[in-house]
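Read the structure below first, then the notes.
Note that the structure is a prediction, hence the values are computed from the model and not measured. The analysis underlying the following values was restricted to heavy atoms, covering all of them including side chains, and did not include hydrogens, waters or symmetry mates.
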Amino acid sequence: SYIAGMTDYFYNSTSNALYKNKFTSTSDEYLAAVSTYFEKATSWTATVLVNDEIKDVLSGISTSGYYTFNLNKFIPVKSGDVFEVIFNITTSGDVGVPISEIYSLNKLVYAPGVSYISWDGVNWADLYNLTGTYPDHNYNSGVACIKAFTYLNPINTLTNLSIDFKRNGLSNISARIYDEFGNLVKYGNVTFNINGESQTVSVENGVARVSYGFDKKVNSISASFEATGYNSSSKR
């Protein structure tokens with residue numbers, strides 16, 4: 001990470017600002033979350049790009065403080081890939097972009113071409129070279145406070161299968177997917193195989209469901225889960 005901790009906000013007499021950091025992956029890994037600070041109540045959008053291609057977009061409204069936001073899905077990156085995290089923020093009154101200044105970074109390596117700020121989303125200034133003043137503030141080189149969180153290995157999963165059996169009419173078959181930490185998995189696909197017939201369903205809030213009309217006492221039923229960033233699992 002390039003961030004040692006926030007030391008100030010880079011203020012501007014507008015209500016909107018954009019700031020971004022560029023990261024280069026040092027191994028094959030999965031991007032899982034991003035974080036930043038907000039100086040006051042803020043409407044925000046976070047965009048994640050890998051090699052200039054948009055991979056995920058988050059948005060929300062947050063009060064002041066430090067926040068970590070989980071991505072909508074795990075994003076695979078290869079060693080040498082360049083990924084960017086861009087925050088677009090809007091506040092009431094003068095906007096402040098969280099920064100870590102040069103005097104706090106004397107034990108870390110940082111360089112030009114890493115961290116940028118913009119007031120219009122078109123013209124970007126490198127925070128490494130950016131100086132300026134604001135009432136009671138003086139700025140002289142730094143980086144934006146954005147962290148990106150990754151992990152190396154796919155996460156193990158557990159698939160549980162349940163059936164609400166109905167002798168007449170359709171029976172409901174549910175696959176509930178957990179990660180190795182006991183959390184419901186929020187995306188992916190489950191392939192159900194029922195008596196030799198396959199059907200693939202998206203996971204929503206940790207669950208995939210299908211309906212099936214059984215016409216015999218002995219049936220073959222299985223569910224197999226797959227998703228980027230997770231090891232697959234199945235249940236019969």
Side-chain angles (χ1 to χ4, degrees), residues 1-25 29-50 54-77 81-102 104-105 108 110 114-121 124-128 130 134 137 139 142-152 155 179 181-187 204-206 228-230:
S1 173
Y2 298 97
I3 308 303
M6 190 193 69
T7 60
D8 202 353
Y9 287 93
F10 199 108
Y11 289 100
N12 189 55
S13 56
T14 62
S15 61
N16 176 249
L18 298 92
Y19 55 104
K20 66 180 179 181
N21 280 357
K22 289 186 175 183
F23 305 85
T24 300
S25 178
E29 51 195 323
Y30 296 91
L31 181 59
V34 297
S35 71
T36 193
Y37 294 86
F38 299 123
E39 185 257 345
K40 53 187 171 182
T42 301
S43 175
W44 58 269
T45 298
T47 303
V48 179
L49 301 92
V50 178
I54 294 176
K55 295 295 186 178
D56 201 7
V57 179
L58 307 173
S59 62
I61 299 174
S62 301
T63 57
S64 63
Y66 174 75
Y67 291 88
T68 299
F69 303 110
N70 293 325
L71 301 182
N72 290 311
K73 56 187 176 182
F74 296 137
I75 300 173
V77 291
D81 281 351
V82 176
F83 60 94
E84 300 177 53
V85 181
I86 306 170
F87 273 92
N88 186 337
I89 61 172
T90 301
T91 65
S92 61
D94 291 357
V95 69
V97 169
I99 58 172
S100 188
E101 295 166 285
I102 189 170
S104 72
L105 299 170
L108 298 180
Y110 79 110
V114 169
S115 192
Y116 298 86
I117 192 170
S118 175
W119 312 119
D120 58 11
W124 293 86
D126 193 328
L127 275 165
Y128 182 89
L130 192 61
Y134 185 85
H137 298 267
Y139 307 113
V143 295
C145 289
I146 299 175
K147 282 187 177 181
F149 299 88
T150 64
Y151 66 95
L152 291 175
I155 295 174
D179 66 19
F181 310 107
N183 304 308
L184 288 171
V185 174
K186 61 183 180 181
Y187 70 95
E204 295 183 9
N205 299 318
T228 300
Y230 292 100

> Just one of Asp56, Ile75, Ile54, Val57 clears the side chain to side chain contact (heavy atoms under 4.5 Å, CB included) bar with Leu49, so which one?
Replying inline: Ile54
>> List the residues meeting salt bridge (Lys or Arg N to Asp or Glu O under 4.0 Å) with Glu84, not counting sequence neighbours, and say none if there are none.
In response: Lys20
>> Lys73: which residues meet the salt bridge (Lys or Arg N to Asp or Glu O under 4.0 Å) condition with it, sequence neighbours left out?
In response: none
> Given Lys186 and Asn70, is the side-chain contact (heavy atoms from CB on, under 4.5 Å) satisfied, shown in steps?
Replying inline: CA-CA 11 Å; Lys186 61 183 180 181; Asn70 293 325; 4.2 Å; yes
>> Keeping Asn21 on the side-chain end and Lys147 on the backbone end, is there a donor-acceptor pair under 3.5 Å?
In response: no
> What's the spacing between Met6 CE and Ser100 OG if we round to 0.5 Å?
Replying inline: 9.5 Å
> Mind checking what makes side chain to side chain donor-acceptor pair (under 3.5 Å) contact with Thr63, not counting sequence neighbours?
Replying inline: Tyr67
> Can you list the residues that meet the ring-ring contact (aromatic ring centres under 6.0 Å, His included) rule with Phe74, with sequence neighbours excluded?
Replying inline: Tyr151, Tyr230
> By side-chain contact (heavy atoms from CB on, under 4.5 Å), which residues pair with Leu130, not counting sequence neighbours?
Replying inline: Phe10, Ile117, Ala125, Leu127
> Which residues satisfy the side-chain contact (heavy atoms from CB on, under 4.5 Å) test with Ile61, sequence neighbours excluded?
Replying inline: Ser43
> With distance as the sole criterion, is a donor-acceptor pair present between the side chains of Ser13 and Asp94 under 3.5 Å?
Replying inline: no
>> Just verifying a value: how many Å separate Ser25 OG and Leu31 CG, rounded to the nearest 0.5 Å?
In response: 9.0 Å
> If you take all heavy atoms of Asp179 and Ile155, which pair is closest and at what distance?
Replying inline: CB-CG2, 3.8 Å
> Between Ser115 and Asp126, what is the shortest heavy-atom contact and its length?
Replying inline: O-OD1, 3.2 Å
>> Does the plane of the ring in Phe69 sit parallel, tilted or perpendicular to the ring in Phe38? Use 30° and 60° as the thresholds.
In response: tilted
>> The criterion is side-chain contact (heavy atoms from CB on, under 4.5 Å); which residues satisfy it with Thr68, sequence neighbours excluded?
In response: Ala33, Ser35, Tyr66, Phe149
>> Asn12: which residues meet the side-chain contact (heavy atoms from CB on, under 4.5 Å) condition with it, sequence neighbours left out?
In response: Thr14, Val95, Trp119
> Where is the tightest heavy-atom contact between Phe87 and Ala46, given as atom of each residue plus distance?
Replying inline: CE2-CB, 3.7 Å
> Are Thr36 and Tyr19 close enough that some pair of their side-chain heavy atoms sits under 4.5 Å apart?
Replying inline: yes
> Taking only residues two or more places apart in sequence or in another chain, which ones pass side chain to side chain donor-acceptor pair (under 3.5 Å) with Asp120?
Replying inline: Ser118, Asn123
>> Once rounded to the nearest 0.5 Å, what's the spacing between atom CD of Glu204 and atom CG of Leu184?
In response: 13.0 Å
> Where is the tightest heavy-atom contact between Glu39 and Ser64, given as atom of each residue plus distance?
Replying inline: O-CB, 3.4 Å
>> Suppose we screen for side chain to side chain donor-acceptor pair (under 3.5 Å). Which residues come up paired with Thr91, at least two apart in sequence or across chains?
In response: none
>> As an exercise, state the distance from CG of Asn88 to CG of Leu18, rounded to the nearest 0.5 Å.
In response: 3.5 Å
> Could you give the distance from OG1 (Thr150) to OH (Tyr30), rounded to the nearest 0.5 Å?
Replying inline: 12.0 Å
> Is Tyr116 reaching over with its side chain to a backbone N or O of Ile86, donor-acceptor style, under 3.5 angstrom?
Replying inline: no
> Under the ring-ring contact (aromatic ring centres under 6.0 Å, His included) test, which residues partner Tyr11, sequence neighbours left out?
Replying inline: Tyr134, His137
> Residues two or more places apart in sequence or in another chain: which of them pass side chain to side chain donor-acceptor pair (under 3.5 Å) with Thr42?
Replying inline: none
